[in-house]
Amino acid sequence: MKIIIAGAGEVGFHLAKLFSYESHAITLLDIDEDRLEYANKHLDIKTILGDATLPSSLKEADVVHSDMVIAVTSNQSINISVCVFAKQMGAGRTVARVSNQELLESHQLGSEKVIDMKALGIDEMISPESLAAKEVEMLLNQSAFTDTFKFDDGALTMIGLTLRSKAPFIGNTVQEAADIFPGLHFVPIALQRYGTQLTIMPRGDTIFKRGDRVYFITDSEGVEELYKLTGAEKRSIKKVMILGGSNIGKTLAEKLCKEKFAVKIIEKDLKKATHLANVLPDALIINADGRNVEILKEENISKMDAFIAVTEDSETNIITCLVANSKGVRKTIALVENVDYFQLSHSIGIHSLVNKKLLAANSIFRYLRKGDVIAMTKLNNMNAELLEFVVKANSKVTNSKIIDINFPRTAVVGGVIRDGKGIIALGDFKIREGDRIVVCTLPKSIKSVENLFC
């Protein structure tokens with residue numbers, strides 16, 4: 001498949017990296033020579049230095065023979081223009097990264113200002129800010145966990161957490177834990193040791209240790225079991241403080257207010273704070289610099305159930321979350337721009353990090369899955385992907401037991417959804433046509449796993 005990516009920033013680079021694992025013909029287009037040079041050194045792709053909004057640059061990228069054009073620069077207007085021009089020049093499918101929530105919703109049914117984006121030449125629109133707000137909302141709903149992702153409205157749920165000393169299976173292998181606690185409704189799918197960056201795919205002889213960051217797949221009954229067996233504390237979150245009145249902060253506040261959360265937003269820009277006060281009547285807006293610890297104390301940060309930092313500065317978000325954590329806030333979530341910062345949360349005490357660029361890249365990536373992937377997410381802090389496949393009649397796994405399937409060593413089946421019900425499937429489970437299979441895999445094994453479901 002021939003894919004053109006306009007924008008070599010973190011979103012574009014991450015997409016190019018994911019697509020390159022599958023031997024697609026990738027062309028990365030950008031006006032920044034340094035970014036392209038970095039991509040050339042790390043990826044086996046074609047790069048073109050040029051303005052993607054110019055027909056000459058798109059022609060050089062052979063847009064007329066492209067299967068997909070993905071515009072993910074930091075400029076919304078450029079992305080829209082690239083998709084419109086590319087479609088008119090013969091491109092297949094187009095995807096544009098946008099930042100304005102109103103634009104994202106304007107083409108949906110029921111909107112007062114319906115815009116037919118497909119008629120303009122844009123097949124899909126992705127909003128990193130909207131995805132980030134949704135991610136934070138999910139994290140708040142599972143307050144004891146560091147990461148969550150739901151498949152089929154919760155038939156199966158991915159949950160990430162750090163093992164505390166009170167977890168009863170610390171020191172046991174995965175197999176021993178299964179023998180000690182039979183009949184559990186969850187299974188470990190990925191693990192990272194405290195203080196390391198190595199992603200481990202759990203096997204029967206893998207030992208659970210204190211401080212491990214572990215991801216589980218659980219059915220509807222397993223969430224409560226995880227709370228009890230891992231030492232996680234289930235806490236009700238009602239009072240939320242949001243630092244930063246960005247699009248993410250505004251979108252998140254709107255959602256939380258509708259769910260009857262007590263929301264307080266701190267925004268240092270007076271004009272932006274005044275606008276927020278007008279559009280968010282159920283939230284308390286404070287015009288102040290949230291980097292000032294005394295301000296946070298005055299606003300009773302110690303009495304908040306959750307602190308969410310979503311300013312445009314990653315360092316500010318990290319530092320203020322650390323302050324909130326030191327004041328006893330139960331849940332801290334920081335928006336970070338640099339993917340490398342994800343390694344920090346495990347060691348410095350921030351409960352969860354959210355990267356809107358990774359969320360956007362993964363959302364775009366699933367549109368091009370050849371094995372009928374219908375959902376995917378990247379595990380925070382880990383070099384692993386979680387994918388959901390639909391089993392077809394002619395799939396290689398159809399009518400086979402899991403134990404008999406030649407899965408790569410770096411991939412593991414997390415669960416199965418059959419007839420809308422989540423199942424924690426073990427080795428003797430027989431896969432049938434129509435099943436939805438959740439698989440956790442390292443990026444290098446994605447292609448091998450996909451081939452099993454083709």
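Counting from 1, the numbers follow the sequence of the chain as shown. Because only heavy atoms are used, hydrogens play no part in the values below, and waters and symmetry mates are left out as well, while side chains stay in. Everything quoted here is computed from the prediction, not taken from an experiment.
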Checklist entry - Less than 4.5 Å apart, any side-chain heavy atom of V263 and any of I265? => result yes
Item to check | All ring-ring contact (aromatic ring centres under 6.0 Å, His included) counterparts of H275, not counting sequence neighbours | outcome: none
Checklist entry - In chain order, what residues pass the salt bridge (charged side-chain N to carboxylate O under 4.0 Å, His left out) check against E129, with sequence neighbours excluded? => result K356
Item to check | S130: partners by side chain to side chain donor-acceptor pair (under 3.5 Å), with sequence neighbours left out | outcome: none
Item to check | Polar side-chain atom of T94 near backbone of D123 as donor-acceptor pair, under 3.5 Å | outcome: yes
Item to check | Geometric class of the F389/F453 ring pair [parallel <30°, tilted 30-60°, perpendicular >60°] | outcome: parallel
Checklist outcome for this item: Applying salt bridge (charged side-chain N to carboxylate O under 4.0 Å, His left out) to D269 and not counting sequence neighbours gives none
Checklist entry - Just by distance, with hydrogens left out, do T173 and D205 show a side-chain donor and acceptor under 3.5 Å apart? => result no
Next on the checklist: Any side-chain to backbone donor/acceptor pair from D289 onto R291? Under 3.5 Å, distance only.
Outcome noted: yes
Next on the checklist: For S445, give me all partners under side chain to side chain donor-acceptor pair (under 3.5 Å), at least two apart in sequence or on another chain.
Outcome noted: T410
Item to check | Audit row: T47, N40, side chain to side chain donor-acceptor pair (under 3.5 Å) steps and yes/no | outcome: CA-CA 7 Å; T47 60; N40 265 325; 2.8 Å; yes
Checklist entry - So do the side chains of R409 and R203 get within less than 4.5 Å of each other, counting heavy atoms only? => result yes
Item to check | By side chain to side chain donor-acceptor pair (under 3.5 Å) - contacts of D179 (at least two apart) | outcome: Q175
Checklist entry - Does D212 reach the main-chain N or O of L163 with its side chain, forming a donor-acceptor pair under 3.5 Å? => result no
Checklist entry - Is the backbone N or O of A273 less than 3.5 Å from a side-chain atom of N287, with the two atoms forming a donor-acceptor pair by type? => result no
Checklist entry - Of all residues at least two apart in sequence or in a different chain, which pass the side chain to side chain donor-acceptor pair (under 3.5 Å) check with S81? => result none
Item to check | Test applied, side chain to side chain donor-acceptor pair (under 3.5 Å); reference residue, T73; option that passes from T53, D32, N79 | outcome: N79
Checklist entry - Partners of K271 by salt bridge (charged side-chain N to carboxylate O under 4.0 Å, His left out), sequence neighbours excluded? => result none
Checklist entry - By salt bridge (charged side-chain N to carboxylate O under 4.0 Å, His left out), which residues pair with D219, not counting sequence neighbours? => result none
Checklist entry - Under the 3.5 angstrom rule, does the side chain of E135 hit a backbone N or O of A132 as a donor-acceptor pair? => result no
Checklist entry - Going by heavy atoms in the side chains, are I4 and I70 under 4.5 Å from each other? => result no
Item to check | F208: ring-ring contact (aromatic ring centres under 6.0 Å, His included) partners, not counting sequence neighbours | outcome: F169
Checklist outcome for this item: d(I237 CD1, L256 CG) to nearest 0.5 Å is 9.5 Å
Next on the checklist: Test your reading of the model: is there a side-chain donor-acceptor pair from H42 to the backbone of Y38, 3.5 Å cut-off?
Outcome noted: yes
Next on the checklist: Applying salt bridge (Lys or Arg N to Asp or Glu O under 4.0 Å) as the test, list every pair that has at least one member in residues 296-324; sequence neighbours left out.
Outcome noted: K264-E299, E294-K297, D305-R330
Item to check | Sequence neighbours excluded, every pair satisfying side-chain hydrogen bond (donor to acceptor under 3.5 Å, both in side chains) that has a member inside residues 243-258 | outcome: none
Checklist entry - Rounded to the nearest 0.5 Å, what separation is found between the CD1 atom of I45 and the CZ atom of F13? => result 7.5 Å
